[in-house]
Amino acid sequence: MNELFEKQVFEIIMMTPKGRVTSYGAIAKAVGFPNHSRQVGNVLKNYDEDFPAHWVCNSSGRITASCQRDFVGKLKLEGVEVKDGKIQNFKKIFWNPLQEL
DNA sequence: GTTTTGACGCTAA
DNA sequence: ATTAGCGCCAAAA
């Protein structure tokens with residue numbers, strides 16, 4: 001994808017409130033590419049360790065990439081409970097970027 | 001140029 | 001709550 005897309009994706013993620021999570025699809029929509037949820041995941045897979053990619057999960061509240069990094073730990077640190085790769089209270093802590101635009 | 005892959009999403013059983 | 005099937009689209013093969 002183009003640089004702009006990637007830039008926008010990062011931007012949305014940085015807007016995510018602490019202790020909340022959002023989804024690939026929601027971000028895709030927010031940046032104007034409703035059907036590019038997969039590409040959102042793609043940009044998230046190659047960047048630094050410190051970037052808060054753990055705030056992004058799939059639409060069913062599942063952590064897909066927890067096998068790569070310690071997302072669960074980081075989330076817990078921020079008050080997000082994860083049980084078997086599944087985010088507890090997902091509906092409660094889900095943050096929709098579309099509301100903030 | 002064509003096929004496969006993949007950190008996805010939605011709907012219907 | 002789970003599973004199966006289909007739609008989606010850029011990147012890699």
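Throughout, protein chains are lettered first and strands after them, A, B, ... in sequence-line order, and every chain is numbered starting at 1.
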K.L.:
Enumerate all atom pairs, one protein N or O and one N or O from nucleotides 5-7 of chain C, separated by less than 3.5 Å.
P.N.:
none

K.L.:
Which residues satisfy the side-chain hydrogen bond (donor to acceptor under 3.5 Å, both in side chains) test with A:N42, sequence neighbours excluded?
P.N.:
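Counting only residues at least two positions away or on another chain, A:N42 forms no side-chain hydrogen bond (donor to acceptor under 3.5 Å, both in side chains).
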K.L.:
Can you list, in residue-number order, the parts of residues 21-30 of chain A that come under 4.0 Å of DNA chain B, counting heavy atoms only?
P.N.:
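A:S23, A:Y24, A:G25 - these, ordered by number, are the residues of the stretch whose heavy atoms sit under 4.0 Å from the strand.
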K.L.:
Identify, with sequence neighbours excluded, every residue that meets side-chain hydrogen bond (donor to acceptor under 3.5 Å, both in side chains) alongside A:S59.
P.N.:
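For A:S59, no residue satisfies side-chain hydrogen bond (donor to acceptor under 3.5 Å, both in side chains) once neighbours in sequence are set aside.
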K.L.:
Base, sugar-phosphate, or nothing: which does A:N42 touch, judged by heavy atoms less than 4.0 Å apart?
P.N.:
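Since no nucleic acid heavy atom lies under 4.0 Å of A:N42, the category is nothing.
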K.L.:
Taking only residues two or more places apart in sequence or in another chain, which ones pass side chain to side chain contact (heavy atoms under 4.5 Å, CB included) with A:K76?
P.N.:
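Scan of A:K76 (side chain to side chain contact (heavy atoms under 4.5 Å, CB included), adjacent residues dropped) gives A:E81.
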K.L.:
Over how many whole Å does the gap from A:N35 atom CG to B:dG9 atom P extend?
P.N.:
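Taking CG of A:N35 and P of B:dG9, I get 11 Å after rounding.
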K.L.:
Return all side-chain donor-acceptor pairs below 3.5 angstrom for residues 2-18 of chain A, not counting sequence neighbours, or 'none' if the list is empty.
P.N.:
residue : atom : partner : partner atom : Å
A:N2    : OD1  : A:L4    : N            : 3.1
A:N2    : OD1  : A:F5    : N            : 2.6
A:T16   : OG1  : A:I12   : O            : 3.4
A:T16   : OG1  : A:I13   : O            : 3.0

K.L.:
As a test of your reading of the structure, name each stem of DNA chain B as range with range, where a stem is three or more consecutive Watson-Crick or G-U pairs at under 3.5 Å.
P.N.:
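Stems found: B:2-6 with C:9-13, B:8-13 with C:2-7.
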K.L.:
For nucleotides 1-4 of chain B, tabulate all protein N/O to nucleotide N/O atom pairs closer than 3.5 Å, reporting atom names and distance.
P.N.:
none

K.L.:
In whole angstroms, how far is the P atom of C:dT2 from the CG atom of A:N58?
P.N.:
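Interatomic distance, CG of A:N58 to P of C:dT2: 13 Å.
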K.L.:
If you look only at pairs with a residue in residues 84-101 of chain A, which of them pass as a side-chain hydrogen bond (donor to acceptor under 3.5 Å, both in side chains), with sequence neighbours excluded?
P.N.:
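Applying side-chain hydrogen bond (donor to acceptor under 3.5 Å, both in side chains) to every pair that reaches into residues 84-101 of chain A, excluding sequence neighbours, yields nothing.
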